[in-house]
Amino acid sequence: MSELLSHLPIDRYSFTRRGFLRYSMSAATAVTVGNLPVPSFAKDLAQNSNPKKKAKRCIFLFMGGGASQLESFDCKPGNTKIGGEQKTIKSSVPGLEVNEYLPHLSKQMHHLSLIRSMNTGEGNHARGVYYMHNGYRMNGGVKHPAWGSVASEQLGTPGFALPHYIAIDQTVSHHLQGPMPSAGYLGSTHEPYLVDEINNPVKNLKSWGGITNKRFDARKSLREALDLDLDSRLGQGKGKENAELYRRAIRMMQSPLSKAFDIEKEDPKVRALYGDSASGKCMLLARRLVESGVSFVEVLLNGWDTHGNHFNGVKKLNKALDQPFAGLLQDLHQRGLLEDTLVVWLGEFGRTPNINKGKGRDHWANGWTIALGGGGLEGGRIVGSTNDQGRVKDRPVSAEDFFQTLAAITGMDGDRTYYTKNDRPMRAVAPEGKVVHELL
Amino acid sequence: MKPSNLKHRSLFLPKLARTLLGFTLLCSSFLSPIFAQENKASSLDEALNLIEKFQSGDASGEVDLLVEKLRAEFGRLRIEVDHTLRELKNANKGSKEHQHLKTEHGQLAKKVHETQSLIEWLQELTRPPEADVLGLESGTEIPFKNIDQLARWVDQVFYRVWKAREISPADRIDDARYLRRVSIDIMGRVPSLKERDEYFALPAESRRQTWVDRIVATDEYGENFANYWNAYLLGRGYLPDDKHREPFIDWLRREFKKNLPHSEFVNQLIAVKTSNTKEVSPNAFLSARQGNRIANTNKISASFLGIDISCAQCHDDPYQRWTQNDYHAMVAFLARTREKGLSGNVYMHEDLSRGEASYQTPEGIRHTVGMRYLDGTTFSDYELDENKKPKVDAKGKKIKAKLTRREMLTQKMASDLQFAKAQVNRIWAILFNRGIVNPIENFTPDNRPSIPLVLDVLAKKFQESGFDNRWLLRVLTRTHAYTLDTKKSPKPLKGNTKESLVFKSFAQYQFKSLTGEQTFDSVVKATQFDKTLLQRLGDKQDTFRSFRVSKKVPKWKKYVLERREAFLRVYAWDPEKVINPDLGTIPQSLTLANGRLVAEAIKGDKGSLVASILDKEPQDQVKALVNATLVRDPNEKEKLKLTEYLNASDSKQNALEDILWSLLNTAEFRYSH
């Protein structure tokens, strides 16, 4: 972790109080750190100046395809019409029952709060994926940045060795049924870094076939020399951009922080918390990355689009989710990381209350559930509810409201204005969004 | 719109004044309610004021404001029209109410139309004046006999536009840069050293044209555009179990090599019927969205008409002209198409005899609509007589139409100029990294083409050419604009220095990054890795990239396929934008810096570039390396630096590999410019 400080281009980073805080706090909260060379005045600053805790990192668990609210956190066991055939079990929150195939998670529910009244109106996969990633509706013209990219821009520390936004896609047979999240007009610095094979999470960090460091350095300086006068010859500044990209790539190659990708190094006891499954590995990697200071990690677990044979499908899916998710909460909590790491469980929408002819549930955007916890939130709160037809009964929450709330929790500025390529001003969150204060 | 541009309108001010007076009268008649709401003192006064301001050259702001007002009104009117229409349908025919509604609907529809033309007319005012300066209106016969003449005519328009907008265009590039630019755009890769020599051996005065005419006829042109359309039509995602993709790419390659007309290409994607399981169905295009007719309607109109109508799926679109009814009338063309999976991972789409498009309004009313194209033309499942009544046979049975619903759609699209415009604009955007209408899927009343005349005329000529994509590429690569430098004009700029206007006017060429496929193929070609592999793994019969999906894939091809797939995965995450001016991502840089492809390709193995120049003099080695990758000759500084590096190294081969690595990792290599 001392690496974190030694690699900071201090000269490039304006040494404001806030800026310094960001460094010292992200360092001070990481558990693996022994004796940090954090100057004492910085520690004082970190302790005194920000009494209200704010999440500094975020983990998105995105259930691609749309997970069922009725077979997770908004079960209606007595309701013969929409309740479905699965049972519920008690959870660690008195009065809150969850789906029977979430036994591990049921014991961690006190860390989570629920919004049971998501009302987003986008029942199409692509549009839903876009809306629940970006907080804007897909309109064909402007390409909005994913929330992870906004977090990268606002929470990320310039000069940090790893990408600020890392997306882990566990997909083998399923595919996110919508546009992959992208940085849109925020530009390539904030593009998500994709981990698409959990057993080989980071590729090409070492030269294939191997060359000596000396030779690599020689190549590196040759490359720089060749691009040096590109901008004066051809204009448009691409030489400079490319140089920055290689600086970042090489920083990542040489940084000890990249060890975070090596999940095999994790203590077996900790690994056991997550279980030995692909989704478990994804969640473990997510924890290792936020611990190293990555601002935003997204885990994509696809395959929740259960139009047919829903109950068998959900049984398997819930089992695959249960222990890893519970393990993640437990592990983050034990390390004291949960305090400033916000964990969000969501999908592009929920599933219909009505069960179709093929024993399936279809797309439902008029009353579905998001679970979130950590990041200084008090767990166990429930916002909004659905009626016995599964529609929102009270406190409808839109995607704009939801992202405005995330901004409030993480101390991000939802009103910060960015400019699209055509110089159109766009806010980080659409201005019509209102914070869901009940959660805070 | 800068006021300065308006000054050039002095030529036709009298005409403008006349029209404005006409506009004033219009305002006072049917638009008066609008102004009465917003501003009581308006109509006549406002319009007269506007004329005065125009004469003094500062009215653009006013026009914009007026347009905004009108557009809001337009949206309201459209919704009203649709509501009246619904009521009309529900009313009893012949009743008084029906009569009343009919009159009301007619009046409203007229108003909508008039408002729309007024908006367009006002926008015409703030539009760059090239057409008037040239004394040409869109659609006038352009005197040209061959593509060179057409390209010169396009140039003439551009010269006027640049002059009118007070922009100095960038300098023109030399032959070497043209070779690299055009080879990447058409063949999808940098030229080989051999091709470079052939190019420079051509007579200088016709070198570029001859070269383009030669490479548009190569198989690699087909491969390059197959790659483009594959990514565009099926999406960028690259999955191992993606069953549609390989057969679909294979079909694309085959058809592009044959130079299938664009109209027929689209017809096959949408309407072709395949029942033979051995045939690859181009309908994989429809299957890519699981045959979902809503998603397919959106994709079809965006891809082939450049029009995004998706907003109107759930409600009338207040910003464009489309109503929910218009939208679902388009969906109706696909309402009788059903996806059917056959053995061997082939999907076919069959046409049923039943099925209608229906939708629910925001108010919860359900409607069923028949086929109606965006321009209002209706279609029937039956043969129609002169009175638009279905024809009947001897037994009194209605005679079925010869075409299927989706065939009716593709035929109609091909006859619509918008179809040709969208394709011209797309090819333009591939070459220039920016459409004349930009973004290319966004032809809307408020997103006007930046050079409308050129787009209109080229679209007509493209139609006349029989939708010949090669013809189009030959014309566009011959234009002056295509040969401009990426660097700003060295001349001092007088008027407009705003960068966006310069790019919008195509007065400076914009950098664009190579796609994943183009990067892969360029690395292979530049390093002669294809030759190395051929020597190492045998099999000489086929050219490098024309591998086919078959069980008997030769060893070396399999090897390349595997490399390519691993490589493309890194690029697949790239936002699905096929044209991307941005720099790549960290994983892409890491792939080029450390990945297996580059590591193997730069090695001095038999057949490789490094091996072929190992015995040469340092200055020749440097020249060959820079020629192979950046196509141009090395400059003095590079010569010095690189020969110094070669001389200082213990191992010549290592030094050559290092230099080649560095060249492949430069921005100059990763971009087209």
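Letters A, B, ... mirror the listed sequences (proteins, then strands); counts begin at 1.
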Quick one: are [X] and [Y] in side-chain contact, heavy atoms under 4.5 Å?
| X | Y | value |
| --- | --- | --- |
| B:Arg670 | A:Asn242 | yes |
| A:Glu191 | B:Ile586 | no |
| B:Leu592 | A:Tyr246 | yes |
| B:Tyr671 | A:Gln236 | no |
| A:Arg233 | B:Asn635 | yes |

Where does [X] contact chain B at under 4.5 Å (heavy atoms): side chain, backbone, both or neither?
| X | result |
| --- | --- |
| A:Asp229 | side chain |
| A:Ser232 | backbone |
| A:Leu234 | both |
| A:Ala249 | both |
| A:Leu205 | both |

Quiz prompt | Partner chain A: residue of B:Tyr509, B:Tyr645, B:Trp661 with the largest heavy-atom pair count (under 4.5 Å) | solution =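 With the most close heavy-atom pairs to chain A, the winner is B:Trp661.
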
Quiz prompt | Top of B:Pro587, B:Pro634, B:Ala295 for chain A proximity - count of heavy-atom pairs under 4.5 angstrom | solution =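 Heavy-atom pair counts peak at B:Pro587.
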
Self-check item: A:Asp227 side chain to B:Thr666 backbone, donor-acceptor under 3.5 Å
Solution: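 No, A:Asp227 side chain to B:Thr666 backbone: no donor-acceptor pair under 3.5 Å.
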
Quiz item: Any sub-3.5 Å donor-acceptor pair from B:Asn665's side-chain atoms to A:Arg219's backbone N or O?
Solution: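 Not a single qualifying donor-acceptor pair exists.
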
Quiz item: Only one of A:Leu245, A:Ile250, A:Asn204 forms a side chain to side chain contact (heavy atoms under 4.5 Å, CB included) with B:Leu590, so which one is it?
Solution: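 So the option named by the test is A:Asn204.
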
